[in-house]
Amino acid sequence: MLERSELIQNRYNKVDALRQKGINPYINRFDPTHSSQSILDNADALITSEQKVVIAGRVLTIRSFGKAAFFHVMDGSGKIQAFIKSGMLPDEDFALFKEILDSGDIVGIEGIVFRTKTGEITVLAQRLFLLTKSVRPLPEKWHGLRDTDKRYRQRYVDLIVNEDVHKTFETRSRIISSCRRYLDERGYMEVETPMMQPIYGGALARPFVTHHNTLDMDLFLRIAPELYLKRLLVGGFEKVYEINRNFRNEGISIRHNPEFTMLELYTAYWDYKNTAELLEEMIRTIAQDVLGDTKFIYQGDEIDLAPANGWKRLTMLEAIKAETGHDLHWDEPANAIRLKIGHLIEAPEGKVKDLSAADLIIELFEQKVEPALIQPTFIMEFPKSKSPLAKTKPDDPLVAERFELFMGKLEIANAYSELNDPAEQLLRFQEQARRRAAGDSEAMCIDEDYVRALEHGMPPASGLGVGMDRVAMLFTDSYSVRDVILFPTLRPETGQPSSDEAEDE
RNA sequence: GGGCGUGUAGCUCAGCCGGUAGAGCAGCGGCCUUUUAAGCCGUUGGUCGCAGGUUCGAUUCCUGCCACGCUCACCA
């Protein structure tokens with residue numbers, strides 16, 4: 001039940017009053033001739049020509065004195081000041097303003113453009129139309145809406161009153177379209193693969209489960225589209241991509257939302273090094289497109305997307321050596337590695353003891369190197385044991401041809417040369433299945449149809465996954481992923497403690 | 001899931017050595033025909049997150065719960 005405070009009730013009373021006078025407070029259509037921005041852009045011409053303009057938008061702050069008032073009107077392009085003065089418009093329009101209009105209402109204004117004595121471009125109202133009555137008061141005009149919970153739950157209010165939030169989501173949208181444009185221009189085809197999958201795969205993560213009633217079967221929300229996209233390479237498409245949501249049933253944090261947007265793209269006949277080149281150029285192009293620059297500030301650090309010698313490329317072991325001084329190798333026994341670096345790794349009681357050599361090295365990398373990666377850096381070569389869908393490096397059987405891209409201390413992308421040997425893929429799946437059986441809930445399931453597809457022959461190829469939310473965080477200088485997701489996942493809004501304790505296990 | 005913090009009017013926030021609450025903005029009533037958080041005068045509005053406990057008395061102290069933030073764990 002929605003609350004009806006006195007403030008809201010007063011406004012509902014105005015709605016009733018309008019209806020009694022035969023005025024519809026929620027009209028069906030209105031035809032503005034100008035956006036606020038187009039008036040500001042062409043102000044001089046509009047002022048001298050005294051051309052009639054019609055604008056529409058939401059009334060923000062009203063500064064009223066008796067027989068005249070100023071207020072700002074916000075539309076999709078920005079905002080512009082309006083001036084209303086008794087005698088300059090029909091009496092009933094002025095009465096509408098005095099008696100009915102509240103800040104938050106959506107109005108149409110017909111008038112001419114002029115400059116106030118303080119120089120602000122302003123529309124002088126010759127007609128005022130109420131288009132939509134708002135019955136709920138806006139947050140305070142000076143401090144706005146600060147409560148983060150309310151900002152996320154009632155994003156519509158956040159977007160009305162916080163201009164920078166509006167801008168952030170415009171930027172996000174432009175990042176996505178710029179990305180599509182970049183790929184479309186290079187012959188990539190956008191496809192849509194299943195979000196509901198009978199067997200989930202393509203990443204190491206726990207899924208959400210849903211149920212189809214008629215088929216009476218469980219389906220998993222995808223954790224990645226990877227295995228479907230590679231089936232399309234088998235089918236003969238050579239350049240495919242998908243930008244869409246993935247769902248991972250894991251913790252929520254400042255960098256993680258349960259549903260998040262990934263770009264995945266696959267290119268036949270390429271290896272991971274080709275993909276790195278494409279990614280570097282693509283991100284730089286998007287930045288130029290969206291920000292107008294290849295340098296930007298993220299959380300106080302200037303990030304340069306166009307350094308003289310291109311983005312840094314280091315193997316994980318090189319990066320560890322540069323940052324910690326330790327010279328490690330994938331073929332060293334876990335005990336030897338533990339002796340060297342065990343003291344550098346923070347892990348809960350005794351857990352370090354159980355880590356494999358690859359685990360220890362990755363752990364060290366994540367804890368000590370990742371937080372230092374501010375400028376765009378490709379970390380090349382990952383342990384094969386952690387990359388069950390990637391091709392092995394020909395001259396190093398323990399290493400997968402894989403890279404991850406880091407920037408602003410964030411992991412942005414992951415890519416590899418795709419494993420296309422069906423027999424080896426089956427072996428890797430079987431190893432994953434053993435880990436699953438041993439209790440690793442994030443290990444992969446065996447996807448027999450995927451192996452069957454590989455048996456038909458998948459061309460050599462390289463694939464890439466880019467966390468688009470993370471890119472949006474970078475380009476909008478957002479600290480939290482929730483600030484670049486319009487409606488982040490939240491607990492349901494309730495005033496009462498949850499009553500279904502019976503469902504807790 | 002653990003730790004720390006926050007929750008008071010529509011919004012932004014004070015306050016509370018325990019005696020049932022204040023400001024600014026918004027609203028309402030006045031004055032006001034170039035304002036920019038307009039101004040001036042007056043005024044309405046609160047189960048102080050929820051539920052218990054201690055107490056003569058709880059918004060304040062204690063416990064539990066709920067929500068949010070930070071952080072650790074997990075992870076991407």
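Quick caveat, the model's predicted, so the values are computed rather than measured. Protein chains get the first letters and strands the later ones, always in sequence-line order, with residue 1 at the start of each.
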Nearest-nucleotide pick for A:Arg248, side chain only, options being B:A76, B:A38, B:C28: B:A76

Residue pair A:Phe365, A:Phe406: steps toward the ring pair (Phe, Tyr, Trp, His ring centres under 6.0 Å) verdict: CA-CA 12 Å; A:Phe365 173 79; A:Phe406 292 86; 5.4 Å; yes

No-hydrogen, no-angle side-chain donor-acceptor test under 3.5 Å, A:Tyr152 and A:Asp147: no

Nucleotide paired to B:A51 in any strand shown, Watson-Crick or G-U, under 3.5 Å: B:U63

Carboxylate-amine/guanidinium contact A:Glu226 A:Lys230, below 4.0 Å: yes

Identify each atom pair where a protein N or O and an N or O of nucleotides 41-43 of chain B are less than 3.5 Å apart, giving names and distance.
none

Salt-bridge contact A:Asp164-A:Lys167 (side-chain N to carboxylate O under 4.0 Å): no

Sugar-phosphate only, base, or nothing, as touched by A:Phe71 at under 4.0 Å among non-hydrogen atoms: nothing

Base-pairing assignment for B:G57 (Watson-Crick or G-U wobble, both under 3.5 Å): none

Nucleotide opposite B:C31 in a Watson-Crick or G-U pair, distances under 3.5 Å: B:G39

Sugar-phosphate, base or nothing in reach of A:Gly144, heavy atoms under 4.0 Å: sugar-phosphate

Touch class at under 4.0 angstrom, heavy-atom based, for A:Tyr479 against every strand present: sugar-phosphate

Touch class at under 4.0 angstrom, heavy-atom based, for A:Ile254 against every strand present: sugar-phosphate

Pair A:Lys391 + A:Glu401: basic N to acidic O under 4.0 Å: no

Spacing of A:Met262 atom CE relative to B:A76 atom C1', expressed in whole Å: 8 Å

Same-atom distance (C1') from B:A9 to B:G45, integer angstrom: 6 Å

d(CG, A:Asp149; P, B:C66) in whole Å: 15 Å

A:Arg151 side-chain N/O to B:C68 phosphate OP1/OP2 under 4.0 Å: no

Sugar-phosphate, base or nothing in reach of A:Asn13, heavy atoms under 4.0 Å: nothing

Touch class at under 4.0 angstrom, heavy-atom based, for A:Lys14 against every strand present: sugar-phosphate

Atom pair distance, as rounded to whole Å: CG in A:Leu145 and P in B:A37: 20 Å

Under 4.0 angstrom between A:Arg146 side-chain N/O and B:C13 OP1 or OP2: yes

Salt-bridge present (A:Arg255, A:Asp469; N to O < 4.0 Å): no

Value in whole Å for how far the P atom of B:A76 lies from CD of A:Glu370: 10 Å

Test applied, side chain to side chain donor-acceptor pair (under 3.5 Å); reference residue, A:His72; option that passes from A:Lys141, A:Glu120, A:Lys79: A:Glu120

Sugar-phosphate, base or nothing in reach of A:Ser64, heavy atoms under 4.0 Å: base

Residue A:His143, side-chain atoms from C-beta onward, closest of B:C75, B:C68, B:U12: B:U12

Watson-Crick or G-U counterpart of B:G45, or none if no pair lies under 3.5 Å: none

Touch class at under 4.0 angstrom, heavy-atom based, for A:Asp147 against every strand present: sugar-phosphate

Interatomic distance, A:Lys117 NZ vs B:A38 C1' [rounded to whole Å]: 13 Å

A:Arg63 vs B:A38: side-chain N/O to OP1/OP2 distance below 4.0 Å: yes

A:Phe97 side, atom CZ; A:Ile109 side, atom CD1 - distance, nearest 0.5 Å: 9.5 Å

B:C13: pairing nucleotide in any strand, Watson-Crick or G-U under 3.5 angstrom: B:G22

Sugar-phosphate, base or nothing in reach of A:Thr148, heavy atoms under 4.0 Å: sugar-phosphate

Whether A:Phe70 stacks on the six-membered ring of B:U35 base, 5.5 Å and 30° limits: yes

Complementary nucleotide for B:A76 - Watson-Crick or wobble, under 3.5 Å: none

Euclidean distance, atom CE of residue A:Met88 to atom P of B:U34 [Å, nearest integer]: 13 Å

Sugar-phosphate, base or nothing in reach of A:Arg206, heavy atoms under 4.0 Å: nothing

A:Glu431 bridged to A:Arg428 by N-O distance under 4.0 Å: no

Polar side chain donor-acceptor pair, A:Asp75 to A:Ser35, under 3.5 angstrom: no

Phosphate OP1/OP2 of B:C32 contacted by A:Lys67 side-chain N/O (<4.0 Å): no

Sugar-phosphate, base or nothing in reach of A:Glu411, heavy atoms under 4.0 Å: sugar-phosphate

Nearest-angstrom distance from the residue atom NZ of A:Lys141 to P of B:C11: 17 Å

